[in-house]
Amino acid sequence: MTDNDPGAAPGDLTPLQLAIVRLLAQGCSDDHVADRLGLGLRTVQRHVSRIMRHLHARSRFEAGVAAARAGLAGDARRN
């Protein structure tokens, strides 16, 4: 399924997108996520945008709630 597929399941995120979701759930900034994953800031921002579309979220907060409900954010208390 693609990011734009209305029937796309949250579990269809790529491993990289899941890693981004988990780091964001831990409170990491986009800059920190980019550093941790060896990506450019703009690349992280594009992935966040795709994740939001995939989860049908209109905001980063809404995406975080959807990811948490789907069990994608892991334990946000871990570092």
Side-chain angles (χ1 to χ4, degrees):
M1 290 186 202
T2 66
D3 287 341
N4 296 323
D5 184 347
D12 293 337
L13 295 175
T14 68
L16 178 59
Q17 289 170 333
L18 288 172
I20 291 169
V21 166
R22 288 184 181 119
L23 287 171
L24 292 174
Q26 292 174 18
C28 296
S29 67
D30 289 354
D31 286 326
H32 188 81
V33 171
D35 288 344
R36 289 274 307 264
L37 298 178
L39 302 171
L41 175 60
R42 186 68 187 120
T43 300
V44 170
Q45 291 169 338
R46 279 195 289 273
H47 277 290
V48 170
S49 178
R50 289 179 186 132
I51 291 165
M52 288 174 58
R53 275 196 315 268
H54 184 81
L55 296 174
H56 308 288
R58 290 170 285 192
S59 69
R60 290 171 71 108
F61 178 79
E62 197 174 298
V65 170
R69 284 184 177 161
L72 301 176
D75 184 353
R77 294 171 291 177
R78 285 188 291 180
N79 289 326

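Bear in mind the structure is a predicted one, so any value in this text is a computation, not a measurement.
- For the residue pair Ala63 and Ala57, the shortest heavy atom distance occurs at N-CB, 3.4 Å.
- A donor-acceptor distance shorter than 3.5 angstrom exists from the side chain of Glu62 to the backbone of Arg58, with no hydrogens or angles considered.
- Between Arg36 and the options Ile20, Val44, Asp31, Leu23, a side-chain contact (heavy atoms from CB on, under 4.5 Å) holds for only Leu23.
- You'll find the side chain of Leu16 reaches within 4.5 Å of the side chain of Leu39, heavy atoms only.
- If you take CG on Leu37 and OG1 on Thr43, they are separated by 11.0 Å, rounding to the nearest 0.5 Å.
- Here the CG-CD1 distance, from Leu18 to Ile51, works out to 8.0 Å after rounding to the nearest 0.5 Å.
- Looking at Arg60 and Asp30, their side chains come closer than 4.5 Å, going by heavy atoms from C-beta outward.
- Residues Met52 and Val48 form a side-chain contact, since some pair of their non-hydrogen atoms from C-beta on lies under 4.5 Å apart.
- Remark: Arg42 CZ to Ser49 OG distance equals 7.5 Å, nearest 0.5 Å.
- For the atom pair CZ of Arg50 and CZ of Arg46, the computed distance is 6.5 Å after rounding to the nearest 0.5 Å.
- Summarising the geometry, atom OG belonging to Ser29 is positioned 8.5 Å from atom CG belonging to Leu41; distances are rounded to the nearest 0.5 Å.
- Note that CG of Leu55 is 12.0 Å distant from CZ of Arg69, once rounded to the nearest 0.5 Å.
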